[in-house]
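Shown next, in C-alpha cells, is the structure this report addresses.
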Amino acid sequence: MLRIIDWLKRINNGVAIAAGLVLLACVLLILIDILLREFGISFGGSEEISGYVMASVSSWGICYALTEKAHVRIDVIRNKGKAATRSIFDLIALAATSYVAVFAAYHVIPVVEKTLKRNSLANTSLETPLIIPQSIWMAGWIWFAITSCVLLVCAFGLMIKQKHDQVNNMIGTETE
C-alpha cells in the first residue's frame, strides 16, 4: 500500500511542477501582452487563456494538495484523541473529500459531453473550442476522485491492520 501512495505522490509532484510551469507561461503571456499594449499591439485573448489555465490548474492542483496533506481541516477534537481515534477522524475527513471529488467528477462529465456533442466554441474573439480546456479541467477532477479514493482504500486497509502511525503519515494533519 505504501508503494501505491508513493506512486501517487510522485505523479502528483509531477503534476504540480507541470501546473507551475503552465502558470508561469501564462504569467509571461500576460506580461508580454501588457508590455505590447504600450506600443498599440495586443495578442488579444490572454485573459481568456488565463481563465482556462486557472480552472485547469486548480482542478489538478487539489490532487497535489491532497497527497501533501495541505487541505485545511479543523482538528481540535482529533488531536485530543489516541492514535486509533485520530485515524477514525482522518478516515472520515478523507471519505468526505472522496465523496466531494467523486460527486464533482460525476457532474463534470455531462458538461464536457454536451460541449463535445454541440461542438461548442467560446463566445470570444478566439472562438476557442471549449472541449480543449474543459477536457483538461474534467481530467483533473477525475484524477482527484481517483487519488482520493485510492488514498481512502489504502488508509482503511492500514487502519484495519492497526497501523495508525502510517495512517497519520499518509492522511493525517500537520499540527501547529
Side-chain angles (χ1 to χ4, degrees), residues 1-33 43 45-75 87 90-116 120 122 126 128-159 163 165-175:
M1 277 191 255
L2 295 177
R3 283 188 287 170
I4 294 170
I5 302 310
D6 287 340
W7 178 75
L8 279 176
K9 284 185 176 189
R10 278 196 311 271
I11 289 173
N12 285 320
N13 284 341
V15 166
I17 290 168
L21 291 173
V22 169
L23 278 174
L24 183 61
C26 188
V27 167
L28 290 174
L29 174 70
I30 292 168
L31 286 174
I32 291 169
D33 193 26
F43 294 138
S46 62
E47 66 284 343
E48 179 182 350
I49 292 168
S50 65
Y52 298 143
V53 167
M54 289 304 293
S56 299
V57 166
S58 63
S59 71
W60 283 92
I62 53 180
C63 302
Y64 174 74
L66 182 64
T67 55
E68 292 300 311
K69 301 188 297 184
H71 286 243
V72 176
R73 291 198 2 220
I74 300 170
D75 58 358
S87 292
D90 292 338
L91 279 173
I92 291 169
L94 186 56
T97 301
S98 296
Y99 174 78
V100 169
V102 170
F103 182 85
Y106 177 78
H107 283 81
V108 163
I109 293 169
V111 171
V112 177
E113 285 176 343
K114 189 183 292 183
T115 296
L116 182 62
S120 299
L126 291 181
T128 307
L130 291 177
I131 192 66
I132 297 168
Q134 285 183 358
S135 294
I136 298 167
W137 172 67
M138 176 186 69
W141 278 108
I142 291 171
W143 181 244
F144 181 48
I146 291 168
T147 299
S148 62
C149 289
V150 168
L151 280 174
L152 182 62
V153 168
C154 289
F156 187 72
L158 289 171
M159 189 174 156
K163 296 183 177 185
D165 288 340
Q166 289 180 0
V167 172
N168 184 55
N169 289 337
M170 185 173 45
I171 63 169
T173 62
E174 301 296 327
T175 58

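For this chain, numbers begin at 1 and follow the sequence in order.
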Specify the closest pair of heavy atoms between Gln134 and Val111, including all atoms of both residues, with the distance to one decimal.
OE1-O, 3.8 Å

Work out which heavy atom in Ser59 is nearest to a heavy atom in Ser56; give both atom names and the distance.
OG-O, 3.0 Å

Parallel under 30°, tilted from 30 to 60°, perpendicular over 60°: which one fits the rings of Phe144 and Trp141?
perpendicular

CG (Leu116) and OG (Ser135) are apart, to the nearest 0.5 Å, by 7.5 Å

Closest non-hydrogen contact found for Ala122 with Glu48 is CB-OE2, 3.3 Å

Of all heavy-atom pairs linking Ala105 and Ala145, the shortest is CB-CB, 4.1 Å

Give a yes or no on whether Asn169 atom CG has more than 12 heavy-atom contacts from other residues, nucleotides or ligands under 6.0 Å away.
yes

Quick one: do Trp60 and Ile136 satisfy side chain to side chain contact (heavy atoms under 4.5 Å, CB included)? Show the steps, please.
CA-CA 9 Å; Trp60 283 92; Ile136 298 167; 3.9 Å; yes

Cut-off 3.5 Å, no hydrogens considered: what does the side-chain donor-acceptor table look like for residues 5-19, sequence neighbours left out?
residue : atom : partner : partner atom : Å
Asn12   : OD1  : Trp143  : NE1          : 2.7
Asn12   : ND2  : Leu8    : O            : 3.2
Asn13   : ND2  : Lys9    : O            : 3.3

Test item: His71 side-chain N/O and Leu94 main-chain N/O as donor-acceptor pair under 3.5 Å
no

In chain order, what residues pass the side-chain hydrogen bond (donor to acceptor under 3.5 Å, both in side chains) check against Lys114, with sequence neighbours excluded?
none

Whether the side chain of Thr115 engages the backbone of Ile131 through a donor-acceptor N/O pair (distance < 3.5 Å, no angle test) should be reported.
no

Minimum heavy-atom distance Ala155-Ile171, with the two atoms named:
CB-CD1, 3.6 Å

To the nearest 0.5 Å, what is the distance between CG (Leu151) and CG (Leu91)?
11.0 Å

Once you round to the nearest 0.5 Å, how far does CG of Leu126 lie from CD1 of Ile49?
5.5 Å

For the student: nearest non-hydrogen atoms of Met159 and Ser87, plus distance:
SD-CB, 3.9 Å

Between Glu47 and Ile30, is any pair of side-chain heavy atoms under 4.5 Å apart?
no

